[in-house]
Amino acid sequence: MIQTILKNINEFDNIIIHRHVRPDPDAYGSQGGLAEILKASFPTKNVYVVGEDEPSLLFLKEMDVIPDRVYEGALVIVCDTANQGRISDQRYRLGEKIIKIDHHPNEEPYGDLLWVDTDASSCSEMIYELYREGKKQGLTLSKEAARLLFAGIVGDTGRFLFPSTNPKTFTYAGELIKYGFHFPGVYESLYKTKENVARLSGYVYQNYKVTKDGVGSMVISNKILNEYNVTPTEASQLVSNLGNIENIKVWVFFVEENNQIRVRFRSKGPVINGVAKKYNGGGHPLASGATIYSWQEVDEVIADLQEVCNQES
Ligand SMILES: [Mn+2]
């Protein structure tokens with residue numbers, strides 16, 4: 001598949017790279033890393049990156065603003081995005097050919113060519129693999145591409161902590177840091193905490209709940225978001241806080257956003273993406289997301305997680 005993708009890249013002069021909405025470091029890293037590889041390898045091609053900005057990730061890459069006509073006869077590559085509804089900038093459809101490169105379960109196959117590897121820790125890891133494969137044919141990896149791919153791998157593996165981390169992840173990360181970018185700077189930008197978020201973290205540790213079977217949960221209402229002056233996205237990221245607490249096997253965050261409640265699931269073993277799917281969501285077996293529309297559903301979600309925990313113990 002990598003060879004077929006490379007062949008297509010060779011054939012197009014205009015290449016537009018997309019990623020998912022509410023971008024995370026892997027979305028930016030895989031998109032930006034691929035763009036930098038292609039720019040360094042094919043100086044005469046026009047390579048663009050598009051999508052909404054995430055202010056906290058602008059240190060990684062700035063997006064291009066392009067008119068619709070650029071899509072005419074262009075190759076579109078979508079990174080790190082499982083379903084079409086989540087592609088940031090829906091103009092991706094205007095391209096002549098669409099390639100999906102992703103590591104989420106392939107529940108919604110789309111595009112003319114698909115490369116999906118659910119064993120990859122991150123989409124950035126896949127992009128690095130594409131480079132490794134294409135190296136013999138002349139692909140070039142710049143220091144900037146290395147920085148972006150490293151940031152994506154670090155982001156999706158939680159600094160090499162999550163079980164998705166595999167031997168390749170360490171090998172590739174080791175190869176990437178040889179390019180000489182300042183990796184402590186990447187960590188600093190990715191993990192610096194705003195004061196109000198740190199204080200909300202304290203609130204989470206004080207107020208989370210846990211059932212006797214190991215289902216942890218946390219509800220963050222609009223009122224709390226306002227009190228701490230924290231955005232729903234910032235609050236949702238605190239889901240990882242509960243990961244190290246003993247007795248918690250599976251945990252869930254409910255964060256109010258507009259008239260919806262965003263749900264984030266995490267697990268140390270029991271598979272939870274089935275529950276996410278039931279509530280208008282999906283994702284990885286041990287890390288998924290969903291959306292519910294009333295506070296009454298909170299108890300139902302916890303009951304479903306409880307069931308998952310009991311089945312596997
Ligand atoms: Mn990813």
Side-chain angles (χ1 to χ4, degrees), residues 1-2 5 17-37 49-54 56-57 59-61 63 77-89 92 99-111 114-131 145-166 168-170 172-173 176 186-187 189-191 233 236-237 239-240 243 262 264-267 271-273 276-277 281-290:
M1 183 45 67
I2 292 179
I5 292 174
I17 310 174
H18 287 244
R19 36 83 180 161
H20 59 78
V21 295
R22 291 183 189 138
D24 54 16
D26 186 37
Y28 263 85
S30 54
Q31 175 193 39
L34 177 59
E36 293 300 325
I37 291 170
V49 288
V50 298
E52 98 242 36
D53 283 333
E54 166 50 47
S56 66
L57 295 174
F59 76 94
L60 288 174
K61 188 109 187 107
M63 294 296 114
I77 304 177
V78 184
C79 292
D80 199 36
T81 313
N83 18 25
Q84 295 173 85
R86 291 195 75 225
I87 300 174
S88 188
D89 198 335
Y92 75 93
I99 300 178
K100 174 187 188 182
I101 301 181
D102 188 30
H103 68 123
H104 298 89
N106 194 17
E107 269 149 25
E108 192 186 303
Y110 63 83
L114 293 84
W115 177 30
V116 174
D117 180 2
T118 52
D119 292 328
S121 71
S122 51
C123 192
S124 298
E125 183 178 302
M126 296 175 72
I127 300 298
Y128 185 67
E129 200 154 297
L130 178 123
Y131 158 72
R147 182 182 76 98
L148 286 159
L149 296 178
F150 183 80
I153 292 172
V154 163
D156 258 24
T157 60
R159 287 175 272 189
F160 310 101
L161 276 177
F162 303 154
S164 58
T165 309
N166 61 72
K168 275 201 272 186
T169 318
F170 286 108
Y172 294 178
L176 286 167
V186 173
Y187 282 111
S189 304
L190 283 177
Y191 296 103
T233 303
S236 297
Q237 281 157 2
V239 65
S240 54
R262 274 166 65 184
R264 291 262 177 121
F265 300 93
R266 294 290 183 273
S267 170
V271 171
I272 38 82
N273 54 357
K277 226 171 157 179
H284 302 283
L286 304 181
S288 323

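Ligands are counted one by one from 1 in listed order, and the atoms in each one are counted from 1 as well.
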Could Arg147 and Glu36 be called an ion pair, given the rule that one side-chain N must be under 4.0 Å from one carboxylate O? no
Any chance the side chains of Asn273 and His284 put a donor and an acceptor closer than 3.5 Å? no
Keeping Asp26 on the side-chain end and Ser124 on the backbone end, is there a donor-acceptor pair under 3.5 Å? yes
Closest to the Mn ion (ligand 1), which N/O/S atom of [X] is it?
X      : value
Asp80  : OD1
Asp156 : OD2
His103 : NE2
Asp26  : OD2

Classify the angle between the aromatic ring planes of Phe160 and Phe150 as parallel (below 30°), tilted (30 to 60°) or perpendicular (above 60°). tilted
